[in-house]
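Read the structure below first, then the notes.
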Amino acid sequence: MYPHERSLVKRLEKRPFALIGVNSDQNREALKPILEKEKITWRSFWNGGSIGGPISTAWKVQGWPTIYVLDGTGTIRAREVRGEAMDRVVDTLLAELENSKK
Amino acid sequence: MYRSVIWGLVLLVPLPAAWAREEKKADDNGTEIKGKLSPDDPRDKVQAKSPHKVHTMKWKIGESYQIDLVSRDFDAFLRLEDSAGKQLALDDDSGGMLNARIVFAVPRDDTYRIIATSLDGKAGNYTLTVRGASKAEAALGKVQADFQKALQSAQQKFVKAATEAEKEKIRDQFFEDAASYLERYLKVARDFPGDPAGAKARVQANQQLSMLGNVGSPAVAKTLRNLVEKSADKSIQNQASLVLAKVLRNQSEKAYENKDPKAPELFQEATKILRNLADKSTDKSIQAQAGLTLGEVLRGQYEKAYERKDPKAPEAYQEAENTLAEMSKKAEGNFVLANQFKNALFELQKLSVGKPAMEIEAEDLDGKKFKLSDYRGKVVVIDFWGNW
């Protein structure tokens with residue numbers, strides 16, 4: 001999981017792209033060394049220390065990880081995509097966004 | 001019955017109940033062998049990392065046996081071969097816990113080789129029990145053994161397959177075979193009503209059925225159609241209809257991907273079956289499952305239409321929304337089900353492709369507040385995660 005996300009973030013660092021986590025671990029302090037060790041540089045919302053926290057509840061999350069992909073307007077464009085399929089969606093949406101600016 | 005079996009008689013007449021009871025005792029007194037797998041024992045030819053021991057049995061045609069391998073020291077694995085070393089059956093966990101069981105109907109007079117080995121490569125003490133089996137147990141055992149063999153051979157082919165396409169082909173073939181095992185399990189259940197082995201066969205058939213819901217093969221659809229039309233068992237019939245609808249939906253998704261013109265037709269049939277079950281099924285559980293599946297299917301259809309920029313996408317959305325709203329109203333008396341429909345409707349309205357993402361406003365891991373909408377103008381992947 002982490003290596004794939006790391007390489008995606010690295011590959012797209014100069015593009016209009018962001019990976020946003022919603023983290024459901026119990027302890028924020030205990031997580032810090034892991035962020036460092038795994039080089040998790042992307043930002044995460046704090047789900048209140050529980051998988052039943054307010055954000056995952058509002059989004060009806062039932063399994064982890066759960067992925068949503070949004071375009072530049074904040075519209076959901078894909079869900080339940082992983083790995084290469086996720087990369088493909090992201091690349092398509094980036095091309096769409098960058099073309100619309102030209 | 002078992003005593004007669006042990007005496008080598010071929011049984012053609014059913015025995016009176018009193019006899020059957022007496023025989024039950026005889027089967028409790030089957031042969032029990034205490035054995036030990038030592039780490040130095042030769043490796044087994046199938047479980048290549050595990051030591052094995054061979055026990056030979058002279059059996060006659062028409063007899064049936066249940067073989068149990070029980071161990072506290074290792075994950076028991078049983079194999080059965082004929083005198084020429086041809087593998088006839090294998091099993092890992094059918095005996096409950098990690099214990100192995102094979103039920104075997106003897107096809108010809110021979111000296112058979114029971115191979116006691118382990119799945120995990122470990123050694124230790126074991127108990128091997130061999131007792132006569134009833135006709136029902138033997139019939140069920142035969143189907144189970146054939147299914148285990150098919151599963152093992154499919155797994156081996158799957159691991160060796162080089163491409164995704166090959167893997168998919170092996171998987172499809174396996175599920176097509178699984179559909180035929182379903183019919184064989186149901187036959188055992190029909191042939192031995194009231195027998196525990198018959199009841200077990202029915203449970204197996206049900207498991208086999210629900211496994212087929214993830215498949216999109218026309219051959220599986222055909223088997224299911226056959227069951228829906230001909231099965232005398234109402235509950236199997238209902239279950240088969242529900243699974244058939246799922247298979248047709250999967251087929252239609254594949255057809256859409258391949259731009260096959262049959263896609264809408266398959267989809268229509270799937271939704272028609274689901275609607276029918278959701279409206280009219282007398283089985284409450286089937287009715288609820290069909291309704292929820294219908295909601296999922298319609299939502300998927302809308303999302304697919306949106307993704308391919310199909311002008312019919314708004315229409316598909318409306319159909320999904322109306323259906324879910326209607327069903328959640330109908331389910332009002334049932335709190336749990338009504339809630340499930342309400343959730344499904346919410347997911348359609350707020351969490352589907354083509355819908356604006358809900359705002360998130362919360363602290364980050366350093367305690368600093370931020371909002372999802374801060375990232376407007378960028379492509380965003382939201383990843384619900386945890387370090388576990």
Side-chain angles (χ1 to χ4, degrees), chain A residues 1-2 5 8-9 12 15-26 28-32 34-35 38 40 42-48 51 53-56 58-61 63-79 81 86 89-94 96-97, chain B residues 164 214 253 257 292 295-296 299-300 302-309 313 317 324 339-388:
Chain A
M1 210 48 211
Y2 300 139
E5 290 164 336
L8 181 72
V9 168
L12 300 175
R15 313 273 295 276
F17 170 78
L19 175 63
I20 307 279
V22 178
N23 176 278
S24 293
D25 281 300
Q26 284 179 21
R28 268 192 276 201
E29 287 313 309
L31 202 57
K32 297 237 158 108
I34 292 150
L35 297 180
E38 299 287 349
I40 298 172
W42 52 93
R43 207 169 182 190
S44 281
F45 287 110
W46 172 241
N47 195 25
I51 55 167
I55 309 171
S56 59
W59 285 65
K60 310 268 179 210
V61 174
W64 279 261
T66 285
I67 305 274
Y68 285 88
V69 186
L70 317 185
D71 64 15
T73 72
T75 301
I76 298 171
R77 295 294 293 272
R79 55 183 182 94
V81 283
M86 176 170 89
V89 174
V90 168
D91 286 334
T92 309
L93 293 177
L94 276 172
E96 190 183 294
L97 181 69
Chain B
E164 276 306 310
N214 298 320
E253 274 179 10
E257 265 169 45
L292 291 166
E296 239 172 73
R299 180 188 184 201
Y302 149 69
E303 288 186 315
K304 290 258 155 54
Y306 181 94
E307 279 165 19
R308 33 167 215 276
K309 301 192 164 58
Y317 179 83
L324 279 169
N339 209 36
Q340 279 175 309
F341 280 123
K342 226 180 75 198
N343 279 343
L345 186 58
F346 180 87
E347 282 171 358
L348 172 73
Q349 291 167 332
K350 302 282 183 191
L351 291 165
S352 293
V353 168
K355 295 286 159 185
M358 292 181 288
E359 177 67 301
I360 302 174
E361 190 173 0
E363 285 179 9
D364 67 11
L365 299 178
D366 295 319
K368 253 176 86 181
K369 266 208 165 171
F370 76 115
K371 289 191 289 199
L372 181 60
S373 56
D374 296 343
Y375 292 82
R376 206 52 51 83
K378 287 183 177 177
V379 172
V380 174
V381 167
I382 307 176
D383 178 0
F384 288 85
W385 70 288
N387 186 57
W388 52 70

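Below, read A as the first sequence line, B as the second, and so on, with proteins coming before strands; counting in each chain starts at 1. Atoms considered below: every heavy atom in the structure, side chains included; atoms not considered: hydrogens, waters and symmetry mates.
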Between B:Leu351 and A:Arg79, is a side chain to side chain contact (heavy atoms under 4.5 Å, CB included) present by the stated rule, with each step listed?
-> CA-CA 9 Å; B:Leu351 291 165; A:Arg79 55 183 182 94; 5.9 Å; no
What's the spacing between [X] [atom1] and [Y] [atom2] if we round to 0.5 Å?
X        : Y        : atom1 : atom2 : answer
B:Met358 : A:Tyr68  : CE    : OH    : 7.0 Å
A:Leu70  : B:Ile382 : CG    : CD1   : 4.0 Å
A:Asp71  : B:Lys378 : CG    : NZ    : 15.0 Å
A:Glu5   : B:Asp383 : CD    : CG    : 4.5 Å
B:Arg376 : A:Thr73  : CZ    : OG1   : 7.0 Å
B:Phe370 : A:Ser44  : CZ    : OG    : 7.0 Å

Chain A contact via B:Ser352 - side chain, backbone, both or neither, heavy atoms under 4.5 Å =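 Backbone only.
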Using non-hydrogen atoms only, which part of B:Lys369 is less than 4.5 Å away from chain A: side chain, backbone, both, or neither?
->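 For B:Lys369, backbone heavy atoms alone lie under 4.5 Å from chain A.
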Between [X] and chain B, with a heavy-atom cut-off of 4.5 Å, which part of the residue counts as in contact: side chain, backbone, both or neither?
X       : result
A:Leu12 : neither
A:Ala78 : backbone
A:Leu19 : both
A:Leu31 : side chain
A:Arg77 : both
A:Val61 : side chain

Of all the residues in residues 339-349 of chain B, which have a heavy atom that comes within less than 4.5 Å of a heavy atom in chain A?
->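 If one takes a 4.5 Å heavy-atom cut-off, the residues of residues 339-349 of chain B near chain A are B:Asn343, B:Phe346, B:Glu347.
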Sort out for me which of A:Thr66, A:Val89, A:Val69, A:Thr75 touches chain B most, counting heavy-atom pairs under 4.5 Å.
->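 The option with the most such pairs is A:Thr66.
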Determine the option with the most heavy-atom pairs under 4.5 angstrom with chain B, choosing from A:Trp64, A:Trp46, A:Phe45.
->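 Of A:Trp64, A:Trp46, A:Phe45, A:Phe45 has the most heavy-atom pairs under 4.5 Å with chain B.
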Evaluate whether atom [atom1] of [X] has more than 12 neighbouring non-hydrogen atoms of other residues, nucleotides or ligands under 6.0 angstrom away.
X        : atom1 : result
A:Gln26  : CD    : no
B:Lys371 : NZ    : no
B:Lys350 : NZ    : no

Measure across [X] and [Y] and return the closest heavy-atom pair with its distance rounded to 0.1 Å.
X        : Y       : answer
B:Gly377 : A:Pro16 : O-CB, 4.0 Å
B:Ala357 : A:Trp59 : CB-CH2, 3.9 Å
B:Asn387 : A:Ile34 : ND2-CD1, 3.1 Å

B:Leu372, B:Val381, B:Asp366: which one forms the most heavy-atom pairs within less than 4.5 Å of chain A?
->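 That would be B:Val381.
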Looking at B:Arg299, B:Lys368, B:Glu359, which has the largest count of heavy-atom pairs under 4.5 Å with chain A?
->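 Going by pairs under 4.5 Å, I would pick B:Arg299.
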Qualifying residue, where the test is side-chain contact (heavy atoms from CB on, under 4.5 Å) with B:Phe384 and the options are A:Asn47, A:Ile67, A:Ile55 =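 By the side-chain contact (heavy atoms from CB on, under 4.5 Å) criterion, B:Phe384 pairs with just one of A:Asn47, A:Ile67, A:Ile55: A:Ile55.
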Contacts of type side chain to side chain contact (heavy atoms under 4.5 Å, CB included), residue B:Glu307, not counting sequence neighbours |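 Result, side chain to side chain contact (heavy atoms under 4.5 Å, CB included) vs B:Glu307: B:Val353.
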Verify, without hydrogens or angle tests, whether B:Asp364 (side chain) and A:Arg43 (backbone) share a donor-acceptor contact under 3.5 angstrom.
->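 Absent.
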